[in-house]
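First up is the structure itself, then whatever we jot down about it.
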Amino acid sequence: MANPKGRSYRIALCGILCAICVIMMFFTGVIPIGAYLLPAVAGIVIWVILQEINLKWALLSYAAVALLAMLLTPDIESKLLFAAFFGYYPSIRDKLARIKPKLLSLLARFAAFNIPVVIVYFLLLNVLGMAELMEDFAGFGEWALLILWGIGNFTFICYDICLDQLSFFYDKWLKRKIHRVIK
């Protein structure tokens, strides 16, 4: 049998997983909750490339999916969230988690979330004129942006914990089953 980690294996795996990501990103315009959920799941699919190949291939795949999503998918909010955060964060999370001391690691992860998300929503609200995003929070008045930001940070904490658990699950159980099928 040929080397399972050879160039053709890497290209095929990345192509298939990138196609899955683009399909997920396309459905963000169809499934209402998908605008937030599907970019996060697509980032996890990119993370699988990191686990199976390496960071270089994962980041290259992220760039390809982000570009294709920008060109082909309908929901501008979800494609910007994928390009600015969800696409690459699962791949760099482990490097950020290894920073010592733990407080600095936590601050780096929050910065990796908050800086791009604030920029995305600034662009959406002020440059692209999508003020309707804030209509759902109109009942909160002047606190709407802070409440939305707080909800976003809570969701990020949950996502970060899930990525940590997913890594354990993938290494201990799923990877072995996938490699058994590939052989």
Side-chain angles (χ1 to χ4, degrees), residues 4-97 108-125 127-128 130 133 152 155-167 169-171 174-175 177-179 181-182:
K5 300 281 184 168
R7 187 171 185 82
S8 60
Y9 169 83
R10 294 186 300 239
I11 291 170
L13 180 66
C14 289
I16 291 167
L17 294 179
C18 286
I20 291 169
C21 289
V22 172
I23 290 169
M24 278 192 264
M25 292 300 295
F26 183 76
F27 279 114
T28 59
V30 178
I31 302 169
I33 190 70
Y36 305 105
L37 179 65
L38 292 174
V41 174
I44 292 170
V45 173
I46 298 293
W47 173 83
V48 171
I49 295 170
L50 170 72
Q51 298 301 307
E52 290 298 319
I53 304 173
N54 62 30
L55 182 62
K56 177 182 153 189
W57 283 81
L59 292 177
L60 184 62
S61 297
Y62 148 72
V65 172
L67 179 64
L68 288 170
M70 289 293 180
L71 296 173
L72 301 174
T73 61
D75 189 356
I76 190 146
E77 183 180 11
S78 61
K79 59 183 156 184
L80 285 176
L81 285 173
F82 178 83
F85 175 71
F86 286 118
Y88 70 86
Y89 180 75
S91 297
I92 66 164
R93 184 202 174 276
D94 288 340
K95 292 201 181 295
L96 294 175
R109 285 184 277 165
F110 269 104
F113 169 73
N114 281 295
I115 292 170
V117 168
V118 167
I119 291 170
V120 163
Y121 280 100
F122 176 82
L123 289 173
L124 287 171
L125 294 172
V127 176
L128 298 175
M130 295 182 67
L133 290 172
T155 305
F156 166 71
I157 292 168
C158 295
Y159 186 64
D160 197 56
I161 291 169
C162 287
L163 285 173
D164 192 42
Q165 296 301 311
L166 178 67
S167 181
F169 172 74
Y170 186 82
D171 286 340
L174 191 60
K175 190 175 197 174
K177 296 212 182 268
I178 290 172
H179 286 262
V181 170
I182 291 174

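Below, each value reflects all heavy atoms present in this structure, side chains not excepted, and no hydrogens, waters or symmetry copies.
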When you compare the side chain of Thr28 with that of Pro39, does any pair of heavy atoms fall below 4.5 Å? yes
State which residue, out of Trp57, Tyr88, Tyr89, fulfils the ring-ring contact (aromatic ring centres under 6.0 Å, His included) condition with Tyr62. Tyr88
Here the gap from Lys56 atom NZ to Ser61 atom OG, rounded to the nearest 0.5 Å, amounts to 11.5 Å
Taking only residues two or more places apart in sequence, or in another chain, which ones meet Phe86 in a ring-ring contact (aromatic ring centres under 6.0 Å, His included)? Tyr159
Checking Asp164 against Asp160 for the side-chain contact (heavy atoms from CB on, under 4.5 Å) test, could you report, in this order, the C-alpha distance in whole Å, the side-chain angles of both residues, the deciding distance, and whether it holds? CA-CA 6 Å; Asp164 192 42; Asp160 197 56; over 6 Å; no
Other residues, nucleotides and ligands only: do more than 12 of their heavy atoms fall within 6.0 Å of CZ on Phe122? no
Distance from Ile157 atom CD1 to Cys162 atom SG, nearest 0.5 Å? 12.0 Å
So, for Ala42 and Cys21, which heavy atoms are closest and what is the spacing to 0.1 Å? O-SG, 3.3 Å
Smallest separation among heavy atoms of Lys79 and Thr73, with atom names: NZ-O, 2.8 Å
Identify the two heavy atoms, one from Ala83 and one from Met70, that lie closest to each other, and give their separation to 0.1 Å. CB-CE, 3.6 Å
Distance, nearest 0.5 Å, that separates SG of Cys18 from CE of Met25: 12.5 Å
In terms of heavy-atom contacts, Ile53 and Cys14 come closest through CD1-SG, 3.8 Å
Given side chains that start at C-beta, do those of Val120 and Glu77 come closer than 4.5 Å, heavy atoms only? no
Is any side-chain heavy atom of Tyr121 closer than 4.5 Å to a side-chain heavy atom of Leu81? yes
Approximate separation, where rounding is to 0.5 Å, of Leu55 CG and Leu60 CG: 11.0 Å
Could you tell me the separation between the CZ atom of Phe113 and the CZ atom of Arg93, rounded to the nearest 0.5 Å? 14.5 Å
Between Phe156 and Val117, is the side-chain contact (heavy atoms from CB on, under 4.5 Å) condition met? List the steps. CA-CA 11 Å; Phe156 166 71; Val117 168; over 6 Å; no
Nearest 0.5 Å please: distance from the CG atom of Leu80 over to the CG atom of Asp75. 9.0 Å
How far apart are the C-alpha atoms of Ser78 and Leu38, what are their side-chain angles, what is the distance that settles it, and do they pass the side-chain contact (heavy atoms from CB on, under 4.5 Å) test? CA-CA 8 Å; Ser78 61; Leu38 292 174; over 6 Å; no
Check whether more than 12 heavy atoms from other residues, nucleotides or ligands sit under 6.0 Å from atom NZ of Lys95, and answer yes or no. no
Sorted by chain and number, sequence neighbours left out, side chain to side chain contact (heavy atoms under 4.5 Å, CB included) with Val22 holds for Val65, Leu68, Leu72
Run the side chain to side chain contact (heavy atoms under 4.5 Å, CB included) test against Ile23 and tell me which residues pass, sequence neighbours left out. Phe27
Count the heavy atoms belonging to other residues, nucleotides or ligands that lie under 6.0 Å from CZ of Phe110, then report whether that count exceeds 12. yes
Taking Ser167 for the side chain and Leu163 for the main chain, is one N or O donor matched with an acceptor at less than 3.5 Å? no
